Structures are given as structure tokens and as C-alpha cells.
Amino acid sequence: MGGRTQRALRNTGIQAVSQVITWVLSWFLLVLLPRYLGDSGFGKLFFAFSYCGIFSTLINLGVNMFLVREVAVLHPDPELPPEENARRQAGLQALLSNVLTIKVALAALVFVLQAALIYCLPYDTATRHTVLVIGLGSCLGAITVTLSGAFQGLESMLAPNLVQIAEKVIITGGCALLLWNGSGLRPICWVHTAAAGVSFALLLALLTRHVRFGFAWDRVLLRRIFLGGLPFLIWVIFGEIYLRIDVMMLSLMTSDAVVGWYGAATRLYG
């Protein structure tokens, strides 16, 4: 019990430090973006994040919370017999392989869906391009969150928090350099997507060092994953819609500038 308590305290401390660092960087970015992009440019960016955030819940599929629990159950324990640990390791590999397969497939499907829909709605070309670039990063980020959930189940929070800090540093530093050199909205979008890609690649590489897994398609296991995540999916979908639907409504009823002012105020507590 002492070892588990120590791990819990260590992980809590890691997450607390990480939260403070990412909060500071987020505040710095919140000052920079509206100031240099203007209310209209920031409005387009905030709309893109909100629009893609709603769609990313479909990639979540409620699996993230379910995965944390299942990984914690299957995590090998040195106190158990070798045969039991071997069984757990095989189950863990199968679980992560099937989850990765379904997440990548859903991310590709959701990206196509959100890209097609934005061209059916009455938005200008700049807004559509912003959604396409941010949407790519949002889909990668949704998979990265799942990988982070696997680390949480393994009770090892150092790697995902270091990666999260690295991603925030790339975004803040890259945006600051571009904005101070007079760049506009599109390069800022690509910085966010590039940071999401780096975060995904790093976390995937680190997780495969703990558990060797790839792509797999087991219908029985996939059905169990889907049913296990379904209660969480319902909760997440309604939560995301409730939080983000107001931005969609404002973007259709008002201007980008109004969305920008609303987004800056919302980010202060978000």
C-alpha cells in the first residue's frame, strides 16, 4: 500500500506542476493572440477550435475513461505469478492495439465529416481554411488524449505531462515568434497542428516503450470497447455540445469580431 500511495502522491505532484506551467503559457498566449490577430482573426481561430471540439467528441467515443480503468486492471503487478502477468500483458497489448485502430479510423472519418460540413455552411474561405488546419490538429489531439489515458491507467503520469508541456511551449513560442514578425492567422493555425503532431508522435513512442502494440481488429473486443465507453460517450457529447454550441450560434448570428470578444472572455476562465 505504501508503494501505491507514493505513486499516487508523485503523480498528483507531477500533474499539479504541469497544470501551473501550462496555465502560465496559456495566459501568455491569450494576451498575444487577440492583440496581434485582432478581434476578427481571433474570432475565426476560436470558432475553429469550438467547431472542431464538438466533432472530436466523436473520436473520443467514450473510450478514454473506459481505457483508463481497463489498463489499470490489466497492468502487470510484480507481486503476481509470471503466468498471470503474461496473460495481463497480452490482454493489454490487444486492448491498446484495437483502441489505436478504431481511434485512427474515427479520426480520419471525423476529419472528412467536419471538412465537408464546413463547406456546406455559410462561412468565408478564410474560416474554412482555418477549420481544415485546426481540424487536423484536433483529430491528432483526440488520439493523443487516449494515449495519455493509457499512461494514467499505468500510473505513470510523468511522460504525458512532459509531452503536454512541450506541446504548449511549441505553440506559445512558435505563435509569439510568428506574431512578432507580422504573420497572420494561417501560420498560427499550422503551429497548433504541428505541435499536436509532435505531441502525438512523442507520446506514441513513449507508450510503445511500456507496452508493445500496433494495429489490430478483433470484433469481439471492439464491441466490448464500444459498449464499455457508451455511457461515457453520452455524458461527453452533451457536455461538449453544452459548452461549445453557443460559439456556433454566435458565428451564424453575428460577426467574427463578436466571436473574438466572446472567445477572449471565455478563455479567461476556460
Side-chain angles (χ1 to χ4, degrees), residues 4 7-23 25-26 49 52-53 55-76 91-108 110-111 134-172 192-215 225 228-229 232-233 235-237 239-240 243 270:
R4 292 180 179 179
R7 284 198 302 272
L9 292 173
R10 182 177 67 247
N11 287 328
T12 301
I14 290 170
Q15 289 189 276
V17 172
S18 174
Q19 191 71 71
V20 171
I21 294 172
T22 54
W23 271 348
L25 293 172
S26 295
F49 278 118
C52 297
F55 280 92
S56 67
T57 59
L58 301 177
I59 305 174
N60 183 340
L61 204 62
V63 169
N64 295 350
M65 297 179 185
F66 173 76
L67 182 67
V68 174
R69 186 187 69 189
E70 292 299 301
V71 170
V73 170
L74 294 171
H75 182 33
L92 189 57
Q93 290 173 341
L95 176 67
L96 292 176
S97 296
N98 280 271
V99 167
L100 180 63
T101 300
I102 196 170
K103 287 287 184 172
V104 171
L106 281 171
V110 166
F111 178 76
I134 294 299
L136 178 59
S138 178
C139 290
L140 288 171
I143 305 174
T144 304
V145 170
T146 303
L147 300 177
S148 180
F151 274 103
Q152 187 176 349
L154 293 169
E155 299 180 84
S156 177
M157 295 306 298
L158 179 61
N161 280 281
L162 287 177
V163 170
Q164 185 181 24
I165 292 171
E167 179 181 357
K168 187 63 71 173
V169 168
I170 292 172
I171 292 173
T172 306
H192 281 85
T193 299
V198 170
S199 180
F200 167 72
L202 285 175
L203 208 57
L204 181 62
L206 290 170
L207 184 57
T208 52
R209 293 181 62 183
H210 285 268
V211 184
R212 294 289 180 182
F213 68 98
F215 291 98
I225 291 170
F232 301 113
L233 173 63
W235 174 71
V236 169
I237 285 180
E240 286 295 320
L243 285 174

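The model shown is predicted, which means the values in this text are computed figures rather than measured ones.
When each of Val211, Leu74, Leu100 is paired with Leu95, the side-chain contact (heavy atoms from CB on, under 4.5 Å) condition holds for Leu74 and for no other. For the side-chain contact (heavy atoms from CB on, under 4.5 Å) with Lys168, the lone residue among Ile165, Ile170, Thr172 that qualifies is Thr172.
The line from OG1 of Thr144 to CG of Leu203 is 6.5 Å long, rounded to the nearest 0.5 Å. One distance of note links CG of Leu106 with OG1 of Thr101; it measures 11.0 Å at 0.5 Å rounding. Note that CD of Gln152 is 6.5 Å distant from CD of Gln15, once rounded to the nearest 0.5 Å. Rounded to the nearest 0.5 angstrom, Ser148 OG and Leu206 CG are separated by 11.5 Å. The CG atom of Leu67 lies 6.0 Å from the CG atom of Leu96; values are rounded to the nearest 0.5 Å.
Leu207 has its side chain within reach of Leu154: a pair of non-hydrogen atoms, C-beta onward, lies under 4.5 Å apart. Val145 is not listed as a side-chain neighbour of Lys103, based on a closest heavy-atom distance of 4.5 Å or more. The side-chain heavy atoms of Val169 and Leu25, taken from C-beta on, include a pair separated by under 4.5 Å. Two residues are said to be in side-chain contact when any heavy atoms from C-beta on lie closer than 4.5 Å; Thr22 and Asn161 fail this criterion.
Listed here is the closest heavy atom pair of Ile143 and Phe200: CG2-CE1, 3.5 Å. Between Leu136 and Phe111, the shortest heavy-atom contact is N-CE1, 3.6 Å. Of all heavy-atom pairs spanning Gly197 and Leu140, the tightest one is CA-CD1, 3.8 Å. Glu167 and Ser199 make their closest contact through OE1-OG, 3.2 Å (heavy atoms, listed as atom of the first residue, atom of the second, distance). Taking both residues in full, the closest heavy atoms of Gln93 and Phe213 are given as O-CB, 3.9 Å, listed atom of the first, atom of the second, then distance. Taking each heavy atom of Gly149 and Val68 in turn, the nearest pair found is O-CG2, 3.4 Å.
A donor-acceptor pair under 3.5 Å links the side-chain atoms of Ser56 to the main chain of Gly53, judged by distance alone. Under a 3.5 Å cut-off, the side chain of Ser97 and the backbone N or O of Ala94 do not form any donor-acceptor pair.
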